[in-house]
Visitor: 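The following block contains the structure, expressed as structure tokens.
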Protein chains: 2
Amino acid sequence: MIAASLLKKYGASKKSFGKNEIIFEEGNLPAHYYQIISGEIKMSNYNDDGREFIQGIFYKEQSFGEPPLFLNQKYPANAIAVEDSELFVLSKSNFMKLLEENPIISIKIIENLAQRLYYKSVMAAEISTHEPEHRVLKLIDHGIAYFNFQKDKNGYLINFTRQQIGDLTGLRVETVIRAIKNLEKKGELQIINRKVYR
Amino acid sequence: MIAASLLKKYGASKKSFGKNEIIFEEGNLPAHYYQIISGEIKMSNYNDDGREFIQGIFYKEQSFGEPPLFLNQKYPANAIAVEDSELFVLSKSNFMKLLEENPIISIKIIENLAQRLYYKSVMAAEISTHEPEHRVLKLIDHGIAYFNFQKDKNGYLINFTRQQIGDLTGLRVETVIRAIKNLEKKGELQIINRKVYR
DNA sequence: CTTATTTTATGATTTTAGTCATAAAACCGA
DNA sequence: TCGGTTTTATGACTAAAATCATAAAATAAG
């Protein structure tokens, strides 16, 4: 996350996106740095028969879509506003200038990319070698650490729909629903009027 | 990749690892920056029943294992020498000093992490929503672009065993063997005395 | 407040990759 | 060069998640 003042100094503009509005699409060439002021953005892929895979969900103060920007490669996924959102948008050239002139920011970017790579490494191993229940639990535990789940008297409220969990773990909704039920039976989590707590 | 001269200037030492020797293990706290001089290193996870998932394979002049180094987190996977290898090893503190004093290197690190994140994004979507043949082909095409596959008169020689392809795509050997056979039938690749060409 | 849509839920069935068994070919080490 | 290991190969069978169908509950929209 880069300070708003610094972004503005380099000419960033604010832009609003309505719910379900597309910010960029798979295959586009990146031209901007995006940082969330408010709202929620998801990046995802759709395969040939319309099945979605969510690469990540991003919240306020987070940036997204930088890797292809640094590599001059096409976006590997779509970015869509999950709810009404406001973003800082900074042109690539100005973003690069900002980086050059502020080396401290480079370190922040490195840490941010490292964090995302770490998540992807963990989930890749999960998705390819573990059973549904294990996958779901790992995602939930990751979410508690890195997404903004709120804690109350029942524990952490897992603020994802079953469908979203499926799209993040490569499972179908029904499988997620069944996995969550089993995890509750085993005492790993609680379901209080359909909401999941851990 | 950081120039040898610069690494040496900051006190990097050369270290040799024999085939199958462990460089670091899942759960260890990172203390060094590693860069390959010669040989081949794989990073992988093993699940509870011994099944392997290969996070990545790295060759000469590439570095590996940096994300946890930047985050002060435990390694999420093991690093093992696939063949006899020689590495530059630089202590974390000296590596950080190198970065601070050479901002250009930060940009290189960013590009490198971005590249790896890009690969993981593509493969994550593949693994979770596509059929075996598609997964195998995507991995092969990625390998042509980023691993050191050699081109000869038959095309690119895919220098992976079926087992390695399986461990990289989350498939079993038999499934990979069958997928490759089908891909040959469809004309997507060639098998010339058991070696795969694309 | 009513209606439409989304989310959660559950049972029955099917498909597909995994598993198991076995073996030949290739490769490697002593 | 011999013997052991690894890699590729193939067929039969199984299991597990996907698919299909259907519906109730919850939430959002008008």
Side-chain angles (χ1 to χ4, degrees), chain A residues 18-20 40 42 47-54 80-84 126-137 139-140 157-185 189-197, chain B residues 18-20 40 42 47-54 80 82-84 126-140 157-185 189-197:
Chain A
K19 186 175 175 175
N20 295 325
E40 185 180 341
K42 79 171 172 191
N47 77 354
D48 309 327
D49 32 69
R51 179 154 176 211
E52 184 176 18
F53 175 74
I54 300 179
I80 297 169
V82 176
E83 52 185 55
D84 291 354
E126 276 298 319
I127 287 175
S128 65
T129 67
H130 289 90
E131 338 57 78
E133 287 175 35
H134 202 281
R135 289 196 222 178
V136 168
L137 207 55
L139 177 77
I140 286 174
L157 169 62
I158 309 309
N159 201 18
F160 284 150
T161 65
R162 314 295 198 258
Q163 182 63 62
Q164 282 179 316
I165 293 173
D167 293 341
L168 282 157
T169 54
L171 298 167
R172 311 254 80 162
V173 217
E174 299 94 325
T175 306
V176 172
I177 289 168
R178 286 162 186 150
I180 286 175
K181 290 257 150 114
N182 284 335
L183 287 166
E184 193 201 20
K185 264 183 211 147
L189 34 81
Q190 291 162 264
I191 306 174
I192 299 167
N193 62 12
R194 297 180 156 212
K195 292 189 190 311
V196 180
Y197 291 86
Chain B
K19 186 175 175 176
N20 294 325
E40 185 179 340
K42 79 170 172 191
N47 78 353
D48 307 329
D49 33 68
R51 180 155 177 209
E52 184 176 17
F53 175 74
I54 299 179
I80 297 170
V82 176
E83 51 185 56
D84 291 352
E126 276 297 318
I127 287 175
S128 65
T129 66
H130 289 91
E131 339 57 76
E133 288 176 34
H134 203 282
R135 289 195 222 178
V136 168
L137 207 55
K138 199 84 177 188
L139 177 77
I140 285 174
L157 169 63
I158 309 310
N159 201 17
F160 284 151
T161 65
R162 315 290 199 264
Q163 182 64 63
Q164 282 179 317
I165 294 173
D167 293 341
L168 283 157
T169 54
L171 298 167
R172 312 254 79 163
V173 215
E174 300 93 325
T175 306
V176 173
I177 289 169
R178 285 161 186 150
I180 287 175
K181 291 257 150 117
N182 284 335
L183 287 166
E184 193 200 21
K185 263 181 212 149
L189 35 81
Q190 291 161 264
I191 305 175
I192 299 168
N193 62 10
R194 296 177 158 214
K195 293 191 188 313
V196 180
Y197 291 87

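Chain naming here is simple, since letters A, B, ... match the order of the sequence lines and numbering starts at 1 in each. Computed from heavy atoms alone, side chains included, the values below leave out hydrogens, waters and symmetry copies.
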Visitor: To the nearest Å, how far apart are B/Asp49 CG and C/dT19 P?
Guide: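 For the pair B/Asp49 CG and C/dT19 P, the rounded distance is 8 Å.
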
Visitor: Can you give me the bend angle of the helix from C/dC1-D/dG30 to C/dA30-D/dT1? Use the axis through the first five pairs and the one through the last five, nearest 10 degrees.
Guide: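 The value is 70°.
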
Visitor: CD1 of B/Ile180 versus C1' of D/dT8: gap in Å, rounded?
Guide: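 In whole Å, D/dT8 C1' and B/Ile180 CD1 are 10 Å from each other.
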
Visitor: Could you tell me how far apart B/Asn182 (CG) and D/dT10 (P) are, to the nearest whole angstrom?
Guide: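 Whole-Å distance recorded here is 11 Å.
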
Visitor: Starting at CD of B/Glu52 and ending at C1' of C/dG18, how long is that distance when rounded to a whole Å?
Guide: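 Those two atoms, CD and C1', are 18 Å apart.
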
Visitor: Taking protein heavy atoms under 4.0 Å as touching, what does nucleotides 20-29 of chain D look like 5' to 3' if B marks base contact, S marks sugar-phosphate-only contact and - marks none?
Guide: B----SSS--

Visitor: Give me the atom names and distance for the closest heavy-atom approach of A/Ala179 to A/Val136.
Guide: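 Smallest heavy-atom distance, with atoms named: CB-CG2, 4.3 Å.
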
Visitor: With a cut-off of less than 4.0 Å, is there a side-chain N or O of A/Lys181 near OP1 or OP2 of C/dT10?
Guide: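 So the side-chain polar atoms of A/Lys181 do come within 4.0 Å of the phosphate oxygens OP1 or OP2 of C/dT10, strictly under.
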
Visitor: For residues B/Gly170 and A/Ser128, report the shortest heavy-atom separation together with the two atoms involved.
Guide: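 Shortest heavy-atom contact: CA-CB, 3.6 Å.
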
Visitor: Here's a test of your reading of the structure: between B/Ile177 and A/His130, which maps to the more 5' nucleotide of DNA chain D?
Guide: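 Nearest-nucleotide comparison on DNA chain D picks B/Ile177.
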
Visitor: Quick one: is B/Thr175 getting a side-chain N or O under 4.0 Å of the C/dG18 phosphate, OP1 or OP2?
Guide: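 So the side-chain polar atoms of B/Thr175 do come within 4.0 Å of the phosphate oxygens OP1 or OP2 of C/dG18, strictly under.
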
Visitor: Of the options C/dG18, C/dA9, D/dT8, whose atoms approach the side-chain atoms of A/Arg162 most closely?
Guide: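 So the nucleotide nearest the side chain must be C/dA9.
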
Visitor: Can you tell me the distance, in whole Å, between the CZ atom of B/Arg172 and the C1' atom of D/dT14?
Guide: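 From B/Arg172 CZ to D/dT14 C1': 14 Å.
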
Visitor: Any side-chain heavy atom of B/Asn47 sitting closer than 4.5 Å to one from B/Phe53?
Guide: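 No, their side chains stay 4.5 Å or more apart.
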
Visitor: Heavy atoms only, 4.0 Å cut-off, all strands: where does B/Gly166 land among base, sugar-phosphate and nothing?
Guide: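 The residue B/Gly166 makes no contact with any strand.
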
Visitor: Measure the NZ-CZ distance between B/Lys181 and B/Arg162 for me, rounded to the nearest 0.5 Å.
Guide: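 With rounding to 0.5 Å, NZ (B/Lys181) is 7.5 Å from CZ (B/Arg162).
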
Visitor: Between A/Arg51 and B/Thr129 (side chain of the first, backbone of the second, donor and acceptor by atom type, cut-off under 3.5 Å), is there such a pair?
Guide: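 Checking the backbone N and O of B/Thr129 against the side chain of A/Arg51, no donor-acceptor pair under 3.5 Å is found.
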
Visitor: Rounded to whole Å, how long is the line connecting atom CD1 of B/Ile165 with atom P of D/dT6?
Guide: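 Distance check: B/Ile165 CD1 to D/dT6 P gives 19 Å.
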
Visitor: Quick one: closest heavy-atom pair of B/Ile191 and B/Ile180, and the distance?
Guide: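 Looks like CD1-CG2, 3.7 Å.
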
Visitor: With side-chain contact (heavy atoms from CB on, under 4.5 Å) as the test, would you mind laying out the steps for A/Glu126 and A/Leu139 before giving the verdict?
Guide: CA-CA 9 Å; A/Glu126 276 298 319; A/Leu139 177 77; over 6 Å; no

Visitor: So, A/Asp84 side chain and A/Lys19 main chain: donor-acceptor pair closer than 3.5 Å or not?
Guide: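 Yes, the answer is positive, given that a donor and an acceptor are paired below the 3.5 Å cut-off.
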
Visitor: Starting at CD1 of B/Ile191 and ending at C1' of C/dA26, how long is that distance when rounded to a whole Å?
Guide: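 In whole Å, C/dA26 C1' lies 16 Å from B/Ile191 CD1.
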
Visitor: Distance check needed: D/dT8 P versus B/Ile158 CD1, whole Å only.
Guide: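 The answer, rounded to whole Å, is 13 Å.
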
Visitor: Where do A/Ile127 and A/Leu168 come nearest, in terms of heavy atoms and distance?
Guide: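 Nearest heavy atoms, A/Ile127 then A/Leu168: CD1-O, 4.0 Å.
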
